[in-house]
Amino acid sequence: MSGFSDRQQDVDIDLGGLFRAIWRRRTRVLLTTVAVAALAFTAAHMISPRYDSEARLLIEPREPEFSSMTLQPSAASATSFDEPGISSEVQLLRSVDLIKQVARNMRLHELKEFDPTADPSAISDILVMLGLKRNPLDMPPEERVLKEFQEKLQVYQVEKSRVIGIQFTSKDSALAAAIPNEMAKIYLSLKAGAKLDSNTEASRWLEPEIANLREKVRAAEAKIAEYRSSSDLLPSGDSGTFATRELTDISTELARVRGDRATAEARAENVRAALSSGRGAETLNEVVGSAMIQRLKESESQIQNQMADLSTTLLDGHPRIKALRSQLTGIRAQIREETQKILASLENEAKVGELRERQLTQQMNTLKASSAKAGEDEVGLRALEREAAAQRQLLETYLSRYREASSRTGASAAPADARVISSAVEPTEASFPKILPITIVAAMAAFLLSCVVIMLQELFSGRALRPVGGPAAVPVAVSAQPMPPVPPNTPEPRTKRGWSFRRDAAIVGSARGTVQHTVARDVPTVASSSASSSDVREQELATDVPIDGFFVENVAAALIVDRVPLAFIVSPTGDTGSRQTVALARMVSEEGRRVVLVDLTASGCPTAWMAMSANLPGITNLLADEIAFSDALHADRGSDAHIVPRGDADPAVAIQAIDRLQIVIEALTDAYDLVLVECADADAEAVSRLARAHDVEIIFSVPEVSAEDIVEIITEFAEAGYDHIHIMDAQLADQPLPEPDRRAA
């Protein structure tokens with residue numbers, strides 16, 4: 001809790017007091033606001049109005065209509081309108097030469113607005129006399145006009161576009177519109193004139209170059225013709241020579257002849273194999289395709305049909321049957337003879353192909369020597385052709401450029417690469433001053449400054465400061481069990497030889513044998529060194545309740561409200577008290593606090609209730625240096641809390657490194673909002689080895705313990721210096737531990 005002394009106390013800013021102070025001085029604030037608004041309104045009316053007008057140009061490549069279908073736009077014109085190109089055009093519009101030409105055309109030196117010497121002010125004359133300012137009369141008229149012109153001119157590029165805006169400010173509305181239009185007109189004429197000059201210069205330079213190239217191309221082509229005739233490299237109509245073309249044709253014919261010969265040999269071999277193996281001739285394509293074989297086959301079929309018909313009425317020895325059988329034998333002999341003729345024909349065809357192949361091979365060998373010599377001569381020919389092609393291509397390029405440049409030498413044949421998309425119009429309203437916005441802004445500024453001055457006065461005088469009472473009441477989850485009623489005539493708590501505890505702490509008095517439990521209500525309490533028991537009585541609502549009236553929820557609320565980082569839990573009754581410790585950890589975790597429970601019990605009851613397995617590595621393994629620090633932390637299966645299990649290492653080895661336990665607890669305190677250390681039935685001396693008395697909270701989980709035993713335990717720890725003590729009862733001892741629905745299987 002925040003504490004106060006008689007001389008110094010914490011203070012806070014009273015926002016309500018600040019607003020009340022402004023409301024009390026509302027008349028002064030309103031008068032100041034109205035006065036400043038009226039002054040701003042009058043000053044705005046006295047300022048000479050200024051008018052703004054703007055013309056806009058679109059920068060784009062433009063070509064004459066007659067050349068749009070025949071001439072291709074150059075790559076330079078396409079890349080000259082990028083971001084740097086547009087910025088260059090902006091600088092061209094702001095150039096001194098263009099401004100001077102506009103000033104001469106519009107005779108701006110005759111206007112008083114552009115000549116500061118026409119109506120000099122007294123202050124300007126004094127500065128000139130003192131030498132603090134240059135005399136404007138020492139400057140030529142054009143320079144004076146240029147300076148004023150540049151101050152009123154604004155040229156800018158519209159964001160993410162090729163549009164350039166020309167804005168001019170003047171006291172004369174007609175002049176404000178005329179100057180941007182005149183600047184756009186002169187800019188377009190300058191751009192068009194520059195293109196005409198470049199086209200004329202290009203035509204003048206290309207004429208002698210074209211004449212020289214024509215002579216070079218004629219000489220190169222004459223050399224090619226002379227070399228062809230001397231080397232006998234007659235063109236064949238395509239890229240090759242006559243010898244090369246003839247060699248190609250013979251190679252093609254030779255490949256065809258070889259294929260035909262191989263086909264004829266294969267067909268003959270097939271017929272020969274069929275005859276030698278006794279296969280029927282009707283299985284061969286060459287035999288079946290013969291017209292003579294087909295007629296003989298038809299006759300054979302007819303004789304077989306007649307024999308089949310007569311065999312039904314005549315015997316095999318009948319003369320008619322014998323005659324038909326003799327005819328059938330003769331026809332089959334004719335078929336074999338025709339097959340032999342076909343085989344001989346195929347063999348003759350293969351021999352002809354072989355002779356033709358031999359002749360073509362001899363011709364090809366002869367042409368190879370001629371082609372080799374022609375190839376050597378073509379090396380020089382190709383060199384001459386490359387030179388002639390290069391000269392010819394350059395000549396054609398120059399001719400194309402010359403025709404293009406000649407077609408654009410007219411006055412209207414080379415339009416500027418820009419056009420006006422928005423002409424400046426004479427403005428009807430002044431751009432400055434804006435009377436209504438100036439008045440409103442001045443009034444708002446005066447109002448805010450008046451309020452700030454009043455608040456500063458209140459803060460520096462101390463009237464807007466109020467003392468801080470104590471920490472605001474924090475809403476805590478309330479137990480479902482009803483709170484016991486407050487009995488009347490409750491005696492005042494005695495503090496002569498007792499120990500006071502936080503929120504739900506017990507008060508042990510030497511003159512009383514009872515334990516009292518103080519439950520904090522929504523009224524914040526403030527402890528002072530000079531506070532009496534009656535002051536405490538006015539701020540707290542005390543009541544005597546029996547032991548079974550202490551709720552686990554109250555202890556959880558106290559730990560959350562006071563932001564306790566470390567608490568040691570002593571359970572004299574063993575596992576029954578440890579179950580309440582698990583419930584406490586889960587309740588605090590459900591309130592959004594990061595909680596870890598360290599199991600120092602011999603039975604491992606918290607580990608069994610929270611961990612996924614009772615054999616997980618834990619605090620004993622960590623003390624025995626068997627695992628890393630992170631391996632000792634495990635998630636609670638019923639909440640968002642964490643558990644450091646008892647572990648399965650040798651207790652004797654772990655006890656030897658018991659001094660490391662305090663370091664482990666300090667590390668957990670840095671990582672978690674609340675560290676609960678379950679010590680089972682440890683005494684005050686054992687707890688003192690792990691933590692100093694003024695750094696920790698002591699929680700007694702004492703279900704089913706008599707008041708006398710509780711007083712004895714509290715007295716032992718109080719004598720050891722522990723004065724922050726909480727008590728939990730057995731309200732949840734016989735109930736299942738709360739587990740969130742999202743964790744249920």
Side-chain angles (χ1 to χ4, degrees), residues 60-82 85 191-253 364 366-417:
E60 61 179 1
R62 301 183 65 195
E63 299 293 339
E65 184 65 25
F66 67 86
S67 63
S68 60
M69 298 179 63
T70 59
L71 301 178
Q72 298 294 332
S74 62
S77 62
T79 58
S80 61
F81 300 108
D82 53 3
K191 294 288 290 184
K195 294 180 70 175
L196 288 176
D197 294 341
S198 62
N199 292 333
T200 303
E201 293 177 0
S203 300
R204 189 181 304 113
W205 181 82
L206 286 172
E207 288 179 356
E209 293 293 329
I210 290 174
N212 187 21
L213 280 175
R214 282 175 177 170
E215 184 63 25
K216 290 182 179 180
V217 170
R218 188 193 64 78
E221 291 178 349
K223 288 181 180 180
I224 292 175
E226 182 181 357
Y227 189 84
R228 281 183 181 275
S229 62
S230 62
S231 301
D232 196 16
L233 297 174
L234 300 178
S236 62
D238 53 6
S239 59
T241 61
F242 182 78
T244 306
R245 176 65 178 271
E246 188 177 5
L247 181 62
T248 302
D249 294 341
I250 291 177
S251 299
T252 305
E253 181 66 17
M364 187 175 65
T366 303
L367 288 174
K368 282 183 179 179
S370 300
S371 179
K373 182 178 180 303
E376 295 176 357
D377 296 337
E378 282 183 354
V379 174
L381 179 62
R382 284 195 293 268
L384 294 176
E385 288 178 345
R386 283 196 299 270
E387 180 66 21
Q391 297 292 340
R392 190 182 304 110
Q393 183 178 4
L394 183 59
L395 176 61
E396 292 175 356
T397 303
Y398 277 15
L399 286 173
S400 176
R401 296 291 178 85
Y402 180 76
R403 288 192 296 268
E404 181 180 353
S406 299
S407 64
R408 298 183 180 184
T409 54
S412 59
D417 291 335

Query - Residues that E396 engages under side chain to side chain donor-acceptor pair (under 3.5 Å), provided they are two or more places apart - result: none
Report task. Please collect all salt bridge (charged side-chain N to carboxylate O under 4.0 Å, His left out) contacts where either partner lies in residues 204-213, sequence neighbours excluded, each pair once. Result -> none
**Report entry** Counterpart residues, side chain to side chain donor-acceptor pair (under 3.5 Å), relative to E221 (two or more places apart)
**Finding:** R392
Query - Results of side chain to side chain contact (heavy atoms under 4.5 Å, CB included) for E60 - residues two or more places apart only - result: L58, R62, R162, R419
Query - Qualifying residues under side chain to side chain donor-acceptor pair (under 3.5 Å), relative to R214, sequence neighbours excluded - result: none
Report task. Output all residues satisfying ring-ring contact (aromatic ring centres under 6.0 Å, His included) with Y402, sequence neighbours left out; order by chain, then residue number. Result -> none
Report task. With sequence neighbours excluded, tell me which residues meet side chain to side chain donor-acceptor pair (under 3.5 Å) with E387. Result -> Q391
Requested in this report: Measure the spacing between CD1 of I210 and CZ of R403 and express it to the nearest 0.5 Å.
Outcome: 8.5 Å
Report summary line: Those residues at least two apart in sequence (or on a different chain) that pass side chain to side chain contact (heavy atoms under 4.5 Å, CB included) with I224 are R228, L381, L384, E385, A388
Query raised in the report: Taking only residues two or more places apart in sequence or in another chain, which ones pass salt bridge (charged side-chain N to carboxylate O under 4.0 Å, His left out) with E226?
Result: none
